[in-house]
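Numbers here are sequence positions counted from 1. All figures in this text were calculated on a predicted structure; none of them were measured in a lab.
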Amino acid sequence: EKLTGDEIVARELATGVRYFQIQATGDNTCVVTDGEVVGGAIGVGLARVWPNHVYDGLRLMNEGLKTEAERLQSTMR
């Protein structure tokens with residue numbers, strides 16, 4: 001992969017990887033675990049300076065994902 005100078009700088013400043021793990025727990029049930037790994041000077045700095053804002057944003061995203069997953073599951077029954 002060939003990166004431009006701007007892309008290299010952007011990756012050094014802020015990076016993030018969101019991950020999901022889905023584990024079956026029985027018939028038609030599962031546990032979903034997700035998280036975010038933040039890196040780079042700005043990414044880590046923001047997480048340190050505004051930990052509650054970062055946490056609240058991730059919590060809201062998780063709640064939205066849960067609501068949508070439950071809505072979709074209810075249409076499959």
Worksheet item: Who else is in Val37's hydrophobic cluster (ILVMFWY, side-chain heavy atoms under 4.5 Å, direct or via others)?
Response: Tyr19

Worksheet item: Glu68: what forms a side chain to side chain donor-acceptor pair (under 3.5 Å) with it, not counting sequence neighbours?
Response: Arg71

Quick one: side chains of residues 56-65, donor-acceptor pairs under 3.5 Å with protein atoms, not counting sequence neighbours, listed by atom name and distance.
{"unit_1": "Arg59", "atom_1": "NH1", "unit_2": "Glu63", "atom_2": "OE2", "d": "3.0"}
{"unit_1": "Asn62", "atom_1": "OD1", "unit_2": "Arg18", "atom_2": "NH2", "d": "2.7"}
{"unit_1": "Asn62", "atom_1": "ND2", "unit_2": "Leu58", "atom_2": "O", "d": "3.4"}

